[in-house]
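Reading through the structure tokens given below for one structure.
Predicted model, so just to flag it, every value in this text is computed and none were measured. Just follow the structure's listing: the first ligand is 1, and inside any ligand the first atom is 1.
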Amino acid sequence: MSEEDQAPPIPDHIRDLAAYQPGRLIEDVIEEMGLATAVKLASNENSLGPSPLAVERIGRALWGLARYGDADSRRLREAISRKVGHPAAGVMAGNGSSEFILVMAHALLGPGLTAVMSRPSFTLYAKNAQAAGARAIEVPLGPGHGHDLEGILRQAGPEARLVFIDNPLNPTGAFLGQGEIERLLRGLPRTAILVLDEAYADFARAPRPDYGRLLADGRVVILRTFSKVMGLAGLRAAYALAAPPLAQALNKVRQPFNLNNLAQVGAMAALEDEGHVRRTLEMTWSALDRLGRELPALGLEVFPTQANFVMAGLPDGLLADDFAKKMLTEGVIVRSLSSFGLPGHVRINAGLEPELEALLGAMAKVLAA
Ligand SMILES: Cc1ncc(COP(=O)(O)O)c(C=O)c1O
């Protein structure tokens with residue numbers, strides 16, 4: 001048999017997909033570099049750790065693992081419904097917000113249709129649209145490194161079914177207010193759904209959009225995750241809000257039991273744990289203020305942010321991939337933005353004081369070399 005005969009029958013649009021590039025695992029970096037310890041400020045995680053209440057309740061739930069759990073995450077969805085004031089029939093529970101992105105692409109896209117998003121923005125939007133056989137239209141950022149609303153509206157034609165807006169925007173931290181989002185929604189064709197990904201909105205110090213008014217339009221899906229402010233990235237839990245008919249349609253496409261028993265219990269506890277959220281916000285804002293003062297002193301350009309991270313431009317001529325590699329040898333993981341199309345920029349998330357000390361010390365050393 002020739003090599004061609006043996007090739008598995010993979011459609012071109014799947015073969016051509018680039019794989020998702022996750023941040024490096026701390027344990028891998030420690031092993032690879034022969035270090036005693038490492039600091040990770042590369043995946044916008046919560047350095048305070050998970051909600052302690054979530055950890056305690058998950059511990060107690062472990063003995064229930066022999067049973068299938070609630071395939072519909074009903075108790076969790078009802079708790080979210082009470083917390084945000086949106087009917088439970090319009091609340092979806094997901095295995096991370098990345099599951100919603102996949103489910104929406106699977107349910108709403110296909111050949112001949114398009115999804116519109118900014119470039120750069122969260123890379124899973126384009127990838128899932130392409131995997132569904134649709135065209136991903138990536139619109140360059142506008143002034144201030146934010147979403148270019150006019151550009152997005154120009155590209156969202158009659159074939160557009162999904163428009164993805166991460167607000168705040170990953171990786172720049174730019175933020176849209178109520179007026180801008182309403183203007184975008186008014187300008188989109190009625191056939192397009194606006195996905196407002198609020199993974200980082202809890203960290204915004206600017207006023208947050210009134211999601212109740214946006215949801216009333218019927219064409220909006222709001223994504224929120226337990227991975228960031230609640231510190232549960234490894235648990236995989238998120239929720240989405242939409243008008244009930246849209247939520248019910250999307251619900252038919254997801255896997256049953258998409259949230260495992262522990263994720264349902266942990267997410268419910270985290271919703272209650274307002275103290276952990278408050279402490280996380282205090283830690284995050286104080287770290288961002290420090291990075292905003294100290295990174296420019298090292299020669300980096302820092303962009304305004306409403307998220308739990310900053311984007312920083314490296315001094316002239318430095319490549320982010322090289323810089324991030326050198327930082328690894330110092331035991332500090334930062335995110336090069338070259339895979340986002342920004343070869344001279346890095347993204348650094350907020351962390352605890354000792355982590356910031358390690359970061360700034362390593363940066364001073366690498367930049368001086
Ligand atoms: C904008 C944005 N949305 C969603 C996610 C994924 O979140 P989750 O852990 O809920 O899948 C991320 C993760 O980094 C993100 O940056």
Side-chain angles (χ1 to χ4, degrees), residues 20-25 40-47 50-51 54 73 76 80 91-105 115 117-129 136 138 141 145-147 162-176 181 194-204 208-209 221-241 254-255 258-260 263-264 266-267 270-271 280 284 305-311 333-337 339-342 345-350:
Y20 177 69
Q21 277 192 21
R24 300 291 309 272
L25 293 176
K40 182 179 179 191
L41 298 171
S43 293
N44 308 334
E45 295 153 340
N46 186 338
S47 285
S51 145
S73 306
L76 172 62
I80 293 164
V91 177
M92 295 170 268
N95 191 266
S97 20
S98 40
E99 186 194 14
F100 293 122
I101 300 167
L102 180 132
V103 162
M104 286 187 290
M117 70 283 304
S118 293
R119 174 158 178 83
S121 67
F122 187 42
T123 50
L124 284 186
Y125 308 145
K127 194 175 308 303
N128 281 292
E138 298 183 280
L141 299 185
H145 290 74
H147 295 286
L162 285 170
V163 175
F164 288 104
I165 296 284
D166 38 0
N167 195 42
L169 193 158
N170 178 9
T172 74
F175 194 60
L176 296 172
I181 293 171
L194 175 63
V195 182
L196 215 52
D197 181 347
E198 294 199 332
Y200 303 104
D202 298 284
F203 301 104
R208 283 177 69 168
V221 178
I222 293 179
L223 306 186
R224 298 202 181 137
T225 180
F226 290 86
S227 297
K228 309 294 177 182
V229 81
M230 316 258 193
L232 295 171
L235 190 64
R236 312 307 300 138
Y239 67 92
L241 307 174
R254 69 167 172 87
Q255 288 203 56
N258 58 339
L259 256 77
N260 68 63
Q264 293 185 37
L271 275 184
T280 299
T284 304
T305 182
Q306 295 291 336
N308 67 342
F309 54 81
V310 284
M311 179 170 88
I333 315 171
V334 297
R335 183 75 183 232
S336 160
L337 294 180
S339 66
F340 284 76
L342 295 164
H345 292 71
V346 290
R347 197 191 62 204
I348 302 169
N349 64 256

(message) With respect to N44, determine whether any N or O atom, backbone or side chain, lies less than 3.5 Å from an N or O atom of ligand 1.
(response)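 No: no nitrogen or oxygen of N44 is under 3.5 Å from one in ligand 1.
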
(message) Check this for me - ligand 1, T225, N or O atoms closer than 3.5 angstrom, yes or no?
(response)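 The answer is yes, given that T225 and ligand 1 share an N or O pair closer than 3.5 Å.
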
Hey, is [X] touching ligand 1 through its side chain, its backbone, both or neither, going by heavy atoms under 4.0 Å?
X	result
E99	neither
A199	side chain
S97	both

(request) Can you sort out which atoms of ligand 1 are near S98, meaning under 4.0 Å from one of its heavy atoms? (result)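 Contacts of ligand 1 toward S98, numbered from 1: 11 (O).
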
(message) Suppose I only count heavy atoms of G96 and a 4.0 Å limit; which atoms of ligand 1 are within that range?
(response)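 Heavy-atom distances to G96 below 4.0 Å select 10 (O), 11 (O).
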
(message) Show the nearest heavy-atom pair for residues A126 and E138, with the distance to one decimal.
(response)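 So the two residues come closest at CB-OE2, 3.8 Å.
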
(message) With a 4.0 Å cut-off on heavy atoms, is D197 in contact with ligand 1?
(response)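 True for this residue.
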
(request) Tell me, please: is Y200 in heavy-atom contact with ligand 1, that is, under 4.0 Å? (result)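 Flag set, Y200 near ligand 1.
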
What residue and heavy atom of the protein are closest to [atom], and at what distance?
atom	value
atom 11 (O) of ligand 1	R236 NH2, 2.8 Å
atom 12 (C) of ligand 1	F122 CZ, 3.5 Å
atom 9 (O) of ligand 1	S227 OG, 2.6 Å
atom 13 (C) of ligand 1	K228 NZ, 3.4 Å

Donor-acceptor pair, side chain of [X] and main chain of [Y], under 3.5 angstrom:
X	Y	answer
T305	A307	yes
N167	E198	no
H145	G173	no
K40	L25	no

(message) If we count only N and O atoms by modelled type, under 3.5 Å, do the side chains of N170 and R347 hold a donor and an acceptor together?
(response)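 R347 and N170 do have a side-chain donor-acceptor pair below 3.5 Å.
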
(request) Check the pair N44, K228 against side-chain contact (heavy atoms from CB on, under 4.5 Å), reporting the backbone distance first and the verdict last. (result) CA-CA 7 Å; N44 308 334; K228 309 294 177 182; 3.9 Å; yes

(request) Give a yes or no on whether the ring-centroid distance for F175 and Y200 is below 6.0 angstrom. (result)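 When the ring centroids of F175 and Y200 are compared, they turn out to be at least 6.0 Å apart.
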
(request) State which residue, out of I165, D197, L162, fulfils the side-chain contact (heavy atoms from CB on, under 4.5 Å) condition with Y125. (result)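 With Y125 as partner, I165, D197, L162 yield a single side-chain contact (heavy atoms from CB on, under 4.5 Å), made by D197.
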
